[in-house]
There are 2 protein chains.
Amino acid sequence: MRSSHVPDIVVGRLPLYLRALNHMQAEGNEITSSQELGERLGISSAQIRKDLSQFGEFGKQGTGYNIGYLSDQLRSILKVDRVWDVVLVGVGDLGRALANYAGFLDRGFRIYSIFDSDPKKIGKRAGDFTIQDAAELRKAIQADDIQVAMLAVPSDQAQAAADALVEAGIRAILCYAPTSITTPASVRVEYIDPVLHLQHMTYHVV
Amino acid sequence: MRSSHVPDIVVGRLPLYLRALNHMQAEGNEITSSQELGERLGISSAQIRKDLSQFGEFGKQGTGYNIGYLSDQLRSILKVDRVWDVVLVGVGDLGRALANYAGFLDRGFRIYSIFDSDPKKIGKRAGDFTIQDAAELRKAIQADDIQVAMLAVPSDQAQAAADALVEAGIRAILCYAPTSITTPASVRVEYIDPVLHLQHMTYHVV
DNA sequence: TAGATTGTTAATCGATTAACAATC
DNA sequence: TAGATTGTTAATCGATTAACAATC
């Protein structure tokens with residue numbers, strides 16, 4: 001395994017490759033090539049080979065890649081060859097949908113506990129979870145050494161909630177609030193805001 | 001307004017600028033600078049000025065940008081100075097959350113009607129909507145000339161649903177299914193898959 | 001062997017940044 | 001006017017692609 005420093009844009013494509021490989025495997029295939037993978041994803045085969053070569057040599061000349069083997073390697077590189085426990089903060093409609101979502105577990109993540117600050121919600125159920133008091137966030141995160149959080153609170157509460165997560169030792173936050181939040185450089189944040197995508201697309205629609 | 005061809009990566013940042021400007025305006029500010037905007041977003045001021053210069057001259061030397069004016073210009077460029085009607089296909093937990101989401105309207109989008117193919121759901125309510133039969137998709141889209149869709153069906157139904165949308169004349173699809181779908185080049189697709197973000201972040205977490 | 005596909009190099013292409021004249 | 005910030009140019013930086021020797 002090479003690396004040293006791999007460009008972040010390359011790392012960001014690995015989950016995409018992994019997802020496609022999983023689909024191929026589910027279709028019963030054993031072998032694929034950079035070309036086939038590229039066609040499925042709309043990415044050039046050269047780019048896929050170059051990206052993978054940052055981490056090692058996973059293919060065979062003349063043959064291609066063994067899907068199971070390459071999946072395993074990518075899971076290991078991305079550190080999803082284990083299951084990460086995740087806390088969910090904010091149990092509105094979206095938080096509830098996330099709490100019920102069955103697609104996390106087999107891709108390396110499991111919602112471990114869920115929190116809200118609304119007294120009317122605390123103690124109620126959502127999916128398989130009992131909603132806990134957001135004031136207990138720190139204690140819960142530290143007791144179970146949780147490193148990853150999903151943030152689904154309203155925009156005006158996002159920064160305060162993120163501060164609490166950082167304070168508690170969280171290392172990665174997936175933020176669903178449509179706002180930018182500030183964290184120390186050691187805490188990674190990624191964002192999901194559907195409206196950004198919609199607005200990007202309408203630019204192109206005549 | 002210049003353009004001719006603006007790099008897509010630049011277009012993709014405009015919604016981010018617009019969102020930040022709206023926050024600034026909500027905070028009661030009237031004027032901002034490329035530097036202030038950049039700090040808020042973690043983007044260099046030079047990049048912001050360069051991006052904006054692709055579309056015109058919106059600032060004043062020595063002063064900066066009028067927030068209201070720049071917002072208006074960006075909304076016009078992104079074509080969200082109007083409201084786009086959107087169809088939602090797939091009313092599971094996520095679809096339901098989207099149907100209830102109040103944050104679309106003031107950013108240029110309105111869910112107009114929602115569809116599912118499950119006979120048990122058709123006719124039932126979700127938020128302010130009555131769930132319609134996905135078999136009626138084409139008729140509904142064409143009758144009301146809808147151009148934008150959100151797709152929240154399971155992965156194994158995503159391609160078929162997308163095909164139906166394309167067939168009906170949809171021009172932009174926001175796909176929540178964790179899979180790549182294929183459409184003609186004239187139909188734009190963007191994806192939201194939270195697990196891709198989580199896996200990207202765990203690479204960096206020690 | 002002949003055909004296919006990798007991993008890698010070098011060339012190309014595109015995006016970001018630094019710097020500054022223009023000017024409010 | 002003096003100070004500040006734009007819009008733009010040129011330089012830098014980084015990412016993608018094309019091409020091919022290696023080899024399965």
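- Protein atom CD of B:Glu36 is 10 Å distant from nucleotide atom P of D:dT6, rounded to whole Å.
- Here the P atom of nucleotide C:dT16 and the CD1 atom of B:Ile43 are 9 Å apart, to the nearest Å.
- Between B:Tyr65 and C:dC24 there is no side-chain polar atom (N or O) within less than 4.0 angstrom of OP1 or OP2.
- Relative orientation of the B:His200 and B:His204 rings is tilted, given thresholds of 30° and 60° on the angle between their planes.
- With distances taken from any side-chain atom of A:Ala46 to the nucleotides D:dT16, D:dT17, C:dG7, the minimum falls on D:dT17.
- Rounded to a whole Å, the NZ atom of A:Lys60 is 17 Å from the C1' atom of C:dG3.
- For the pair B:Asp81 and B:Arg75, the salt-bridge criterion is not met [side-chain N within less than 4.0 Å of a carboxylate O].
- Contact check on B:Arg96 versus B:Asp93 returns no salt bridge, with no Lys/Arg side-chain nitrogen under 4.0 Å from an Asp/Glu carboxylate oxygen.
- Listed nucleotides D:dT16, D:dA18, C:dT16 differ in distance to B:Gln47; the shortest reach to its side chain belongs to C:dT16.
- Rounded to whole angstrom, the span from the CD atom of A:Gln61 across to the P atom of D:dA21 amounts to 14 Å.
- Between the P atom of C:dT17 and the CZ atom of B:Arg49 lies a distance of 12 Å, rounded to the nearest Å.
- In this structure, the side chains of A:Pro15 and A:Arg107 stay at 4.5 Å or more apart for every pair of heavy atoms.
- Proximity note for A:Ser53 (side chain, C-beta onward) versus D:dC24, D:dT17, C:dT8: the nearest is C:dT8.
- For B:Lys50, taking side-chain heavy atoms from C-beta onward, the closest of the listed nucleotides C:dC20, D:dT9, C:dT8 is D:dT9.
- For D:dA10, the paired nucleotide is C:dT17, the pair qualifying as Watson-Crick or G-U wobble because both relevant distances are below 3.5 Å.
- Contact annotation: A:Ser34 side-chain N/O to C:dT6 OP1/OP2 distance is under 4.0 Å.
- At a threshold of 4.0 angstrom between heavy atoms, the contacts of A:Ser45 with the nucleic acid are absent.
- The nearest whole Å value for the distance from the CD1 atom in A:Ile48 to the P atom in C:dT5 is 14 Å.
- Picking from D:dG7, D:dA15, C:dT5 the nucleotide with the shortest atom distance to the side chain of A:Pro7 gives D:dA15.
- Considering only side-chain atoms of B:Ser44, the nucleotide from C:dT6, D:dT6, C:dT17 that sits closest is C:dT17.
- Ion pairing between A:Lys139 and A:Glu167 fails under the 4.0 Å rule for side-chain N and carboxylate O.
- Both distances falling under 3.5 Å, in either a Watson-Crick or a G-U wobble arrangement, place D:dA4 opposite C:dT23.
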